[in-house]
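Read the structure below first, then the notes.
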Number of protein chains: 2
Amino acid sequence: MPNSIDLLPLWEAPNQADLLLTHEAIQPFIHRTPVLENASLNAMSGAKLLFKCENFQKIGAFKMRGAASAALRLSPPEREKGLATHSSGNHAQAVALTAQILGVPAYIVMPHDAPRVKVAAVEGYGATITYCENTPQDRQRTLDAVVAKTGAAFIHPFNDYGVIAGQATAAMELIADTKAVLDVVMAPVGGGGLLSGTALATRYFSLQAETWGAEPRNVDDAARSLASGQIESNVSNQTVADGLRTNLGDKTFAIIHKRVPRILVVSEREIIAAMRHVWERMKIIIEPSCAVPLAAVLRYPELFAGKTVGIILTGGNVDVDALPF
Amino acid sequence: MPNSIDLLPLWEAPNQADLLLTHEAIQPFIHRTPVLENASLNAMSGAKLLFKCENFQKIGAFKMRGAASAALRLSPPEREKGLATHSSGNHAQAVALTAQILGVPAYIVMPHDAPRVKVAAVEGYGATITYCENTPQDRQRTLDAVVAKTGAAFIHPFNDYGVIAGQATAAMELIADTKAVLDVVMAPVGGGGLLSGTALATRYFSLQAETWGAEPRNVDDAARSLASGQIESNVSNQTVADGLRTNLGDKTFAIIHKRVPRILVVSEREIIAAMRHVWERMKIIIEPSCAVPLAAVLRYPELFAGKTVGIILTGGNVDVDALPF
């Protein structure tokens, strides 16, 4: 493994130097993804939209950044025993590929009804899969058993300062690679790893931009958490944006509460329409969760008129046999 | 219109200087599209594949290059009367947008059963549409009537040296933007405008690359034409690669016969599988016609093993409601 920078565990929210070191350290694990602009979408929104294309990232999503950042903070003896997580989504692939690059085992807990393509992708990175029932309780029980048996280190999908520092690097690159001065940086919010990291990166590296979140109305726990000042839960998980169903964690909530002034909510119809606009106009493949910030820009044009808006396109892992159009 | 280079009509196949001038002249009409590489597809093919992404081109396809090149070769009085063509595909959009940029009228003849999205796209560029029956005879009759009435200049979709010179500029950029020395440049072949232009550009600007074509087996007229030494026709037009149904023209055939040593044919199943690989691995949207060269690379690995292969990804205009997967 060609990495030569030692990253230490983070006991509090990463500072500016932490983010710079993180970005340097995870280079062997990530692509520098392009920032794209599209004339049609600019015209449609009345804003200047700059898309950071993490759908082109390794494993097809930004999650690679956080997984690598967290894994590199383990001591070598910890790392040797392997990485473990529960996820049926992009985080599972990110942990699996990170372990493969590090040359250590990966143990992934997935529900037995996870989509075949996602199982195949994780297996393709050489991870060992343990199946569980599709309930939070059984998922955690199964993961605990795997960790107890193997000694592997659990990489939380979002509520971990190492993960947050990794996710922050997408916005760092967006800011560095954008000639225009950004007014707003937008990210979707599920567990809040990306949004909290984006808020820190924007605070540290942008001249003036604010960080705003965007969320499906059907799982609007983060918007409600921001309003109430405490972590709220979702009663439903019915959204096409399957990456955004999770509630916030205490670490991500604390950062978001302090640094994110606004979380916009959008309908399912608006998410699907925005996803389709990106496919048809930009000719790039994004997953539904990824379309939520653009949906918000198009839903609330008065907030964005004339602004320069960076948008993190989070991922492109979609089952082309089951499209929501 | 910001163009300052006069292009003259071409009475024979464009030479090296013609291509350089053409590329300079059409700058206001085109994007410089990126060249992308994908580790999964390299591994899958055993070759180094460099994809020139004309799916990101204006109007979503390389056809913009040829239409602009042909239109700029008209004298100003000719141009004033407008541009005309028959097409229900990317060439129609290319002529319409070229006319819009030039500030002249566009007249497009389309079959009355053309897909709604394609009609809307052409109308979106301000073109006047005249509908015809979906037969070659009525299409030509209707176009002749439009040209007689308006005095507009007919821009042929492929059998025109101006168009060929324009299409050549995609391969010129591919060669210029690629650090590796290319062994082969691949393009799909329908009427042969792109393949003949690519062959010229590769001959003039590449150190050693050959140009190879790729074609659906169901409409393999170009492969048969190369074998027989004369222009052959298709008996069927049953292919998912709807941009490649046309036969060669005399101008495109002459260049291809001289400059293209090999045209590979692939099945419908192989085309659809290759399209899906690009969607899933590269996270970019390509249309079926565009997947034909990659299908050939994967079908005939022995021809490509260890080679560096440039592939023109021709376009991304696909109806996401009617995918072939």
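Values reported hereafter were calculated over all heavy atoms of this structure, with side chains retained and with hydrogens, waters and symmetry mates removed. Not measured: the values here are computed from a predicted model. Each chain gets a letter, A, B and so on, in the order the sequences are listed, and its residues count up from 1.
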(request) Would you indicate whether B/Arg32, at its atom CZ, is surrounded by more than 12 heavy atoms from other residues, nucleotides or ligands within a distance under 6.0 Å? (result)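 Yes - once you tally the heavy atoms of other residues, nucleotides and ligands closer than 6.0 Å, there are more than 12.
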
I need the contact set between [range] and chain A: heavy-atom distance under 4.5 Å, sorted by residue number.
range: residues 271-279 of chain B; answer: B/Arg276, B/Trp279
range: residues 314-325 of chain B; answer: B/Gly316, B/Asn317, B/Asp319, B/Val320, B/Asp321, B/Leu323, B/Phe325
range: residues 40-71 of chain B; answer: B/Asn55, B/Phe56, B/Gly60

(request) List the atom of A/Ile285, the atom of B/Ile285, and the distance in Å for their closest heavy-atom pair. (result)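 What the structure gives for the nearest pair is CG1-CG1, 3.4 Å.
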
(request) Quick one: list whatever passes side chain to side chain contact (heavy atoms under 4.5 Å, CB included) with B/Pro111, sequence neighbours left out. (result)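 Residues passing side chain to side chain contact (heavy atoms under 4.5 Å, CB included) with B/Pro111: B/Ser88, B/Asp113, B/Ala114, B/Asn134.
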
